[in-house]
Every structure is written in structure tokens, then in C-alpha cells.
Amino acid sequence: MTDDQTFRPEARAPKGFGDRRASDLAAERAIIDAVSKVYERYGFEALSTSAFEYADALGKFLPDSERPNAGVFALQDDDEQWMALRYDLTAPLARFAAENWQTLPKPFRRYAFGTVWRNEKVGPGRFREFTQCDADTVGSARPEADAEIIAMAAEGLAAAGLNPGQAVLKINSRKLLDGLMAAQGVGSDVQKLIVLRALDKFDRLGWEGVRLLLGEGRLDESGDFTKGAGLKGAAIDAIKAFMDTASAERPRGDMLNALANLSLGALGEEGLSDLAAIDAALKSMGVSEGAAKLDPSVVRGLEYYTGAVFEAELLLSTTDEKGQQVRFGSIGGGGRYDGLVARFTGEAVPATGFSFGVSRLASALRAAGREQAALRGPVVIIAFDNEAMPDYFAVAAELRAAGIPAEVYLGTSGMRPQMKYADRRLSPCAVIIGEDERAAGTVTLKDLDLGRALAEGVKDSETWRAERPGQQTLPRTQLVAAVRAILDAGK
RNA sequence: GCCGCCUUAGCUCAGUUGGUUAGAGCGCUAGAUUGUGGAUCUAGAGGUCCUCGGUUCGAGCCCGAGAGGUGGUACCA
């Protein structure tokens, strides 16, 4: 089976499904731990649900037999039921809450983190498999529930390592936009959707692009035409007045006052009073104006949002390998969805929540040049000769028992490659026990950190070798203490 | 999905008007150094020039189709 006919698969990960090395994992884990702690401090309990859900539980985007994989990764179970990998953590929560509603303490407050999957085009900071970290309150319609979610999100951003000014939470209410559209006679759902999509593109296209999308439509640089909402001039003018107000920078209270001058109808009034209550709660929780702003131009694509919506935007500037600016967009979002649980129970259950894009945040922090602490390798015990292998493993066990990561080199190479290996693993030190040491009952310890520090100044190989910097031979009984001294010096 | 650009060694890329055996840097392996990381020097391994078809005496180079990648756009629960 070794002839030319043998099939050899290409070794490659599927597009959008990147492997994560130790440093990536450490970065993501640090974010998850930090954010989870914040959620727990606010009284949210942990919940884990499974990766698969029955497709109908995932909402209106359930796959049909013609396009079973549009947006999600789906498959049919033995009983022909469609199952799909979850695309977020909110839909599974709604299913869980509906399934266990009778027995849950209400309002039900839970947080969750886990992998989600989306079958869509990949981009920078945009994967088909990624990690989210969510917190939601199910069963409270109070604006304070929204405010608390916002406060946690702001604290979470800080806990994840973003300093003030590096990220901001933008808050809006769907009711404002709905009220505005109703007042301007935007009636049909299709038209509303087009208007919302257009407004969502404001930061990218500017008003000129948005205006075209509200009217007849827009031809983009690639020659593709996007059909517009077909609104009349007066309606477009009213929307522009709203956007002008919305995109001006000002404190939350001032923004509310400015919006009160626009005619947003009864629904808009309701939205404004929600936002006022949220603002008041944020103030009493000590959430600063810089950390959370009112931005009535925030839309969020999700159709299921019914009230307040939130979006976390990264303000750090990020560049790719070629030094070009990269837009990461939002690194988290959420809002109030009062209809999601009712899909299952028929009973209206108000809910609100926020989701951190952990993978995107980690990848953005990396792109922003945020250095991660280099991961230390283990102490490497040089495998010098075969007879002594039991000795080497005894040394490894001794170090491990003392809580020091250690390993015996398991390859068959000579000493030089072993030292290279230890260097590449960022090992703090190597343990050398050859014939001389064995005869004398000693060990030789080579401080690799010290060598790394000195190596830059050394130009001549002979003296470098002769000096053997950082190397010491000592009685074997002193091994653990000496290794620990090297580790402590490296801290 | 639509539009543009790209595809040559593990990585980044060069490759003349179409002309014999396709190159460089980095990386990798080995040696100089029988028991020692860096630098240097020496040697070595590594290629269906994305695929298929066409034009030509002759294609990495020209033409066509396809695949993959990438950027924009659309969609994004």
C-alpha cells in the first residue's frame, strides 16, 4: 500500500477552524476566567448546555431539507430529526429556561461560556468556530436588569485587560428606531429591515451611503447594487436629524434631552424612559460616562431584540502582519429579547443579556500587539545514557513532587539537540547527569535563562563554551532547592 | 451569493521578448564542537511552478475553464 496509488490526505484544518496553541488557549482562558468572575460577583450562576440542539429550538433559522446548512452546521439524527451545532448561547438558554421554567428560581440569572459554530464566510477575527461568554437575566422586565447587564459588560471588558478608553459600550433601544420609523410611515416589516440594515452601516459608509440605501439604493465599488428602502425625502430628512443627534458625542443625560426634542412617537417615548432608568441605575452602580455611552445609532442585526440593545466596541487600533489597519468591529453585544422564551411556552417571558466574543477579543488583543507572557517550558532532564534512564525519571518525579514542571528528554538525539530543544521550550534550566556526575553523586544544572540573557553579548563560540555561564555542579540532594532558586530568579 | 486581485521550496518571494538542469533569503537537518542553546562557516534535504485543457518546435511565463486563497460587497440568529 505504499505505491503511488496510496491516498494521502492533505494535512490542513478546515477553513475557519483554526488550531489553538498553548499561548492562544492561555489567552482565551484568562479572558473567560476574568469575565466569569465578574458574572459570579453579580450573582449569576453557571450553566453549561450541549453543543447540539434540535434545529427547531434554534429559532426561525432552522435548516430546511433544501438548505440544511445555511448558517449552521446541521445533520439528521437516526430518527430523522434535524440537529444543529449551536450558533450562540442565547437560543440554548431560551430552550433551557422554557424546559425547566417550573423549577427555576425567577428571575433566572445564569452565565455560560463555550464554543459556538457558524457556517459562514470567514474573515479577520471572524471564525466558524469560536468561544463566547454570556450572562443573561430571564424573567425580569425592569430596565435595571438591562443596566446590570451593561455594568457587568463594562466591568468584564476591564477585567479582560482593556483599559479605560480602549473599549466602550454603546447603548440604545430598539423602541427609538421603531418609534422613528412608525412616525415616518415606514410600515412594512421588509422596509423596516432594510432601514435598520442601512443605519447599521453608518459608521462604515457615512451618511451619504446610508442616504442612498434609504432611498433608491447604492452601487458599491465592486459594482454590486444594493436595493434601497425607497423612502421619500421627508422621511429621509427625519432619519438624518435622528442620526445627527445620535452620533454626536455627549453624556448620557444630555443625549436623552436631545432625543426628547425629536418626534419619536409613543414607542419612542417608552424607549426614552427605559434608557433614562438604565442611565440612573448605571450612575448608582458607578459606571462611568466613558465606559458606557448612549448611541441611538446602534442597531445590532439580531431580529429578536425587542428593547434595549448593547454593543461593545474596541477602540484599540489594531494592525495585521503587513501593518495595515484591521477593523474588528464589535467584540460583544446583547440586548433585551422578550419574545424568545415565549416561542416555546407561549407565555411572554422578558429577558436580557450580553455576549462576549472571547475568540475575537483575544485575537484583537493579539493584533493590537498586546504581548502575552511567554509560556515557560518544563525543566528538561538531559537523557545522557540509556543505563541512567531510571535515574532521570527519578529526578523528574522528585521535581514534579515539589510542584515543578519537569520532563526527561524522550528523543534519541545527542546532547546538542537536547539543549536546543530545552531552549525552544523556554525551559528555565536543564539537568545534566552524565558519567562524571553519577560517579560523584552530583548533578549539573544549567541556568538557561541566564544563558539567554548573556548570549547576546557573546560573539566567540570558544569562550562561550569554555565559560559555560550559569552552570553549576552540586550534590544531588540540593537539586530541588537549586532549581527553585533559578525559577524564583526568573519571576 | 456577486465583483476584483492572487496561487513558484515549510515560510516570504524573484524568475528576462516563451528557450537546455527553476532560484534567493529565512527556516529545517548534519558537521566544524566524542558532554552543552547564540553567532559564524561548510554541506545537505526539500518543487506535480494550483489543476485540467489549448496555442507552440518548445509554456513557470500566452489563451480558456475549474479549484483554492485573499480583499471588498451582500447576508449575519
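Atom CZ of A/Arg416 is separated from atom P of B/rG37 by 5 Å (rounded to the nearest Å). Put simply, CG on A/Asp56 is 20 Å from P on B/rA77, counting in whole angstrom units. Nucleotide B/rU36 holds its P atom 14 Å from the CD atom of A/Glu435, rounded to whole Å. In this structure, OH of A/Tyr409 is placed 14 Å from P of B/rG37, rounded to the nearest angstrom. Atoms CG (A/Asp423) and P (B/rC28) sit 11 Å apart, rounded to a whole Å. Counting to the nearest Å, the P atom of B/rC76 and the CZ atom of A/Arg118 are 12 Å from each other.
Residue side chain A/Lys121 reaches the base of B/rU73 through a donor-acceptor N/O pair under 3.5 Å, judged by distance alone.
If you look at A/Phe73 and A/Phe17, their ring centroids are closer than 6.0 Å. Between A/Tyr421 and A/Tyr409, the ring centre distance stays below 6.0 Å.
For A/Tyr304, counting side-chain heavy atoms from C-beta on, the closest listed nucleotide (B/rG35, B/rC75, B/rA77) is B/rA77. Across B/rU36, B/rA77, B/rC76, the shortest atom-to-atom separation from the side chain of A/Arg197 is found for B/rC76.
No hydrogens or angles considered: nothing links the side chains of A/Tyr111 and A/Asp136 as a donor-acceptor pair under 3.5 Å.
Within the 4.0 angstrom heavy-atom criterion, no nucleotide atom of any strand lies near A/Asp385. Across all strands, A/Ile382 comes closer than 4.0 Å to no nucleic acid atom at all (heavy-atom distances). If you check every strand for non-hydrogen atoms under 4.0 Å, A/Gln418 touches nothing. Backbone-only contact: A/Lys201 has heavy atoms under 4.0 Å from sugar-phosphate atoms and none from a base. Nucleic acid contact for A/Phe384: base, since at least one base atom lies under 4.0 Å from a heavy atom of the residue.
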Item to check | Secondary-structure notation, RNA chain B, from Watson-Crick and G-U pairs under 3.5 angstrom (| other strand) | outcome: (((((((..((((.....[...)))).(((((.......))))).....(((((..]....))))))))))))....
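The environment of A/Glu216 atom CD is sparse: at most 12 non-hydrogen atoms of other residues, nucleotides or ligands sit within 6.0 angstrom.
Distances shown here put every side-chain N or O of A/Arg424 at or beyond 4.0 Å from the OP1 or OP2 atom of B/rG37.
Shown are A/Arg360, A/Arg20, A/Arg21; of these, the salt bridge (charged side-chain N to carboxylate O under 4.0 Å, His left out) with A/Glu28 is made only by A/Arg20.
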